[in-house]
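From a predicted model like this one, the values you see are computed outputs, not experimental measurements. Scope of the values below: all heavy atoms of this structure, side chains included, with no hydrogens, waters or symmetry mates. Just so we're on the same page: letters track the sequence lines, and every chain starts at 1.
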Amino acid sequence: MTSLSQKLSGIVGQAFEASELSADLGAVRVSDRPDLAQFQCNGAMAAAKVAKKNPREVAQVIVDVLSKNEIFSKIEIAGPGFINLNVTDEFLQEYLADIVQDNRFGIDAPDTAEEIIFDYGGPNIAKPMHVGHLRASIIGDTLRRIFSFVGYKTYGDIHLGDWGTHLGMLFSDYERDGKIDWILNLDLNNEADCDALFEDMSERYPKASAACKADETFMVEALRITKALQDKQDPYISVWEKVFQVSIAGMKKNFAALNVHFDLWQGEASVQDLIEPMVEKLRADDFTEMSNGATIIDVTHPDDKKEMPPLLLLKTDGAAMYGTTDLATIVDRVEKFDLARMVYVVDQRQALHFEQVFRAAYKAKLVPENVEMTHAGFGTMNGTDGKPFKTRAGGVMKLEDLITMGVEKAQMRLKEANLASDIDEVERGEIAKKVAIAAIKFADLQNQRTSNYVFDLDRLTSFEGKTGPYLLYQAVRIKSLLRKAGEFDESAPLIIQDADRALALMLTELPDALNLTMRTYAPHHLCEHVYKLSQAFSSFYGNCHILSEENEALRNSRLKLSQISVTQIELILSLLGIDVPERM
RNA sequence: GCGCCCUUAGCUCAACUGGAUAGAGCACCUGCCUUCUAAGCAGGGGGUUGCAGGUUCGAGUCCUGCAGGGCGCACCA
């Protein structure tokens, strides 16, 4: 991927090489001090440290080489040995004209279109989706969109929790209520009936779960049914089939509202048949051992400094554990795809578990060494009190309710601000939905992935400042501007003056933001970038009255800059899974 | 007991391989809508980066210790 800063890095790198220094030292980045320069290179200081020389002298040698290059309008040594650089407006203008050709803005495809599976979401069937599923879903979905756009072959796998004890709990409750037949006779083609069951399960599950916790005989019954289900006995396996179908249909609605997409609807159940042969093979290949009656895989490394518990493959009673299912899933994926990477977007608290699973998978050669497995963990969602988030009633907040609240608030805000008053009610409803989703998603995605974050309803449904709706607003404003401008000469050359320069420079930074995001699997970097870009536009917009510009060449140039801006903002928002309305 | 993570402005958060004057948003204060959408723009106040040492030309970032908080440590997932 060649961004402007990478292009400059190449040029400065050559200057370092000419002095028999490593080209890596020539790394150029956008300056921390825009008042001093557009770009900076810190390599002279690093070089001087190794060579025990004066950094400013090292920098001077580099600067002497660079000064022959006419793309720079300023080359300066500052402070202890920073090399500060500005490019000429002509160069900037040509560079921009070049990268907008294919609407990829300097983003090159990777050398090979590696296949990557992103594992995210992980909701349990028959349980209501709550706000906790928000992070996993949207971080994973965003990463999938980004890698896919850049040129990787990606798959989003929802990895359902569809084979566990929670189903035994639910089914036993239905059995006590004599409602098993109701489910068995359910017509999957009847949407109303399916919705009714979906609703019923959502409300029933918390009660069933609480009952099992409170009364041991209920729990014993739930476990019996779980075992029967896993042995594929009727009626439970037939009930499961219906519950599975209805749950998926319900989830699809939820995820559609959130604009989250999955390519694979695999779950724990879909790999159960792989477990037995896998365990047999692991035994035969001598990767397993017995410990206190359980079958385990030792995953310690000789140079481990910390304790590393073994992966528990089979319990004393011979039943598989979730790590076993995860290994079977890996086997399944390696079989079906030509994978280069697997990325698990799962709660940070699972870090040890994934380390054990990954170690076991490599050790037992279930996955080739060159397949990279990453746990991109995310922090817990806490309430404003710093403790794991609960509603006032003490329960979890349903994802659906959060979205509804957001939409209602957006509708109110539209009315208050007297926006979209000339738009009919149906479109206004659509706009409110987009505003709400933008608010919720951006508020979440702008947090660093790994740190815990505070769930604050007011913030999630806030529309001012660094928010999703702000970004929509900027994009929509540009769209409106371009509509009013009508036809203009898009091939006219860009003119970079003082008022245009900051925006023009921002428009070159997209590849850097994407690279950083992909390297760290951290979408908040991209959020930061799109916010800065939108701000740069807003500032430009405030400074220049474009439509009334009498100099036609300048008017064309500024319309073109506006057009590039909205294209980029909309592209980035689409990578964040956020839709931009035509007007708002 | 062992291990991992966190502590930055009143609040919520950024700060890429160690770089210059630690940045945003909210809240607060001052301007700006009879020219393109004020969900906006321009500007202001607000900081001993939990504490104490160390390494370095340079530390929010690396090392050591301490305090406070969160989480995880085989028969749940």
Asks: Indicate, with a heavy-atom threshold strictly under 4.0 Å, whether Asp35(A) touches base, sugar-phosphate, or nothing.
Replies: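 Base contact.
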Asks: For rA14(B), does OP1 or OP2 lie under 4.0 Å from any side-chain N or O of Gln448(A)?
Replies: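 Answer yes for this pair, as a side-chain N or O of Gln448(A) is under 4.0 Å from OP1 or OP2.
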Asks: Lys532(A) side chain N/O closer than 4.0 Å to the phosphate oxygens (OP1, OP2) of rG23(B)?
Replies: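 No, because none of the side-chain N or O atoms of Lys532(A) sits under 4.0 Å from OP1 or OP2 of rG23(B).
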Asks: Could you identify the nucleotide paired to rU37(B), looking across every strand shown and requiring Watson-Crick or G-U wobble geometry with both distances under 3.5 Å?
Replies: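 Per the H-bond distance test, none.
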Asks: Does a side-chain N or O of Gln348(A) approach OP1 or OP2 of rG70(B) to a distance below 4.0 Å, or not?
Replies: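 For rG70(B), OP1/OP2 do not have a side-chain N/O of Gln348(A) under 4.0 Å.
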Asks: Does rA20(B) have Phe82(A) stacked on its base, where the ring centres are within less than 5.5 Å and the planes differ by under 30°?
Replies: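 It does: the ring sits over the base of rA20(B).
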Asks: Is it true that Lys532(A) and Glu509(A) have a side-chain N and a carboxylate O under 4.0 angstrom from each other?
Replies: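 No salt bridge links Lys532(A) with Glu509(A).
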Asks: Is atom CD of Glu490(A) surrounded by more than 12 heavy atoms (other residues, nucleotides or ligands) closer than 6.0 Å?
Replies: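 Buried by this count: over 12 neighbours within 6.0 Å.
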Asks: Taking only the C1' atom of each, what is the distance from rG40(B) to rG54(B) in whole angstrom?
Replies: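 To the nearest whole Å, 49 Å.
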Asks: Should the ring pair Trp163(A) and Trp240(A) be called parallel, tilted or perpendicular, given that the plane angle runs from 0 to 90° and is split at 30 and 60?
Replies: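 Aromatic pair Trp163(A)/Trp240(A) classed perpendicular.
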Asks: Confirm from the modelled atom types if Asn84(A) and rA20(B) form a donor-acceptor pair under 3.5 Å, side chain to base only.
Replies: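 It does, because a donor-acceptor pair links the side chain of Asn84(A) to the base of rA20(B) below 3.5 Å.
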Asks: Are OP1 or OP2 of rU37(B) and a side-chain N or O of Ser480(A) less than 4.0 angstrom apart?
Replies: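 Yes, such a contact exists.
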Asks: Verify, without hydrogens or angle tests, whether Ser31(A) (side chain) and Arg33(A) (backbone) share a donor-acceptor contact under 3.5 angstrom.
Replies: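 Checked: pair present.
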Asks: Ignoring backbone atoms, test whether Lys315(A) places a side-chain nitrogen or oxygen under 4.0 Å from the OP1 or OP2 oxygen of rC76(B).
Replies: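 It does, given that an N or O in the side chain of Lys315(A) lies less than 4.0 Å from OP1 or OP2 of rC76(B).
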Asks: Ring-plane angle category for Tyr531(A) and Tyr470(A), please: parallel below 30°, perpendicular beyond 60°, tilted otherwise.
Replies: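 Rings of Tyr531(A) and Tyr470(A): tilted, as their planes differ by 30° to 60°.
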Asks: It should be established whether Tyr531(A) places a side-chain nitrogen or oxygen under 4.0 Å from OP1 or OP2 of nucleotide rG23(B).
Replies: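 Indeed not, no polar side-chain atom of Tyr531(A) lies that close.
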Asks: Is the aromatic ring centre of His525(A) closer than 5.5 Å to the centre of the six-membered base ring of rC16(B), with the two planes inclined by less than 30°?
Replies: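 Whether judged by distance or by angle, His525(A) falls short somewhere, so it does not stack on the base of rC16(B).
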Asks: Starting at the 5' end of RNA chain B, which residue's closest nucleotide do you reach first, Ala46(A) or Lys466(A)?
Replies: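 On the 5' side of the pair lies Ala46(A).
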Asks: Counting Watson-Crick and G-U wobble pairs only, both distances under 3.5 Å, name the nucleotide matched with rA24(B), or none.
Replies: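 Paired with rA24(B), as far as the under-3.5 Å criterion goes, is rU12(B).
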Asks: What distance, rounded to whole Å, do you find between the two P atoms, one in rG58(B) and one in rG18(B)?
Replies: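 It comes out at 16 Å once rounded to the nearest Å.
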Asks: His524(A) side chain N/O closer than 4.0 Å to the phosphate oxygens (OP1, OP2) of rA15(B)?
Replies: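 For rA15(B), OP1 or OP2 has a side-chain N or O of His524(A) closer than 4.0 Å.
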Asks: Between rU30(B) and rG68(B), how far apart are the two C1' atoms, rounded to whole Å?
Replies: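 Nearest-Å result for rU30(B) against rG68(B) at atom C1': 40 Å.
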Asks: For rC51(B), give its Watson-Crick or G-U wobble partner with both distances under 3.5 Å, or none.
Replies: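 Checking every strand shown, rC51(B) finds its partner in rG65(B), with both distances under 3.5 Å.
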Asks: rG19(B), OP1 or OP2 - any side-chain N/O from Arg33(A) closer than 4.0 Å?
Replies: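 Result: no.
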Asks: On a whole-Å scale, what distance lies between the P atoms belonging to rG23(B) and rC28(B)?
Replies: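 Going atom to atom, P in each nucleotide, I get 24 Å.
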Asks: So, does the side chain of Ser548(A) form a donor-acceptor pair with the base of rC36(B) at under 3.5 Å?
Replies: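 Looking at the base of rC36(B), it does not pair with any donor or acceptor on the side chain of Ser548(A) (distance under 3.5 Å).
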Asks: So what does Leu516(A) hit on the nucleic acid, given a heavy-atom distance under 4.0 Å: a base, only sugar-phosphate, or nothing?
Replies: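 Sugar-phosphate: the residue Leu516(A), judged by heavy atoms under 4.0 Å, touches backbone atoms but no base.
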Asks: Does Thr324(A) place a side-chain N or O at less than 4.0 Å from the phosphate oxygens OP1/OP2 of rA74(B)?
Replies: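 Checking Thr324(A) against rA74(B): no side-chain N or O falls below 4.0 Å of OP1 or OP2.
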Asks: Please determine, for rG60(B), whether a Watson-Crick or G-U wobble partner exists with both distances under 3.5 Å, and give it or none.
Replies: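 The answer is none; no pair meets the criterion.
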Asks: Which comes earlier along RNA chain B counting from the 5' end, the contact point of Ser539(A) or that of Pro310(A), where each point is its nearest nucleotide?
Replies: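 Of the two residues, Ser539(A) wins.
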Asks: Is there a donor and acceptor pair, one atom on the side chain of Tyr473(A) and one on the base of rA39(B), closer than 3.5 Å?
Replies: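 When only heavy-atom distances are counted, Tyr473(A) does not reach the base of rA39(B) through any donor-acceptor pair under 3.5 Å.
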Asks: More than 12 heavy atoms of other residues, nucleotides or ligands under 6.0 Å from NZ of Lys363(A): is that the case?
Replies: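 More than 12 heavy atoms, drawn from other residues, nucleotides or ligands, come within 6.0 Å of this atom.
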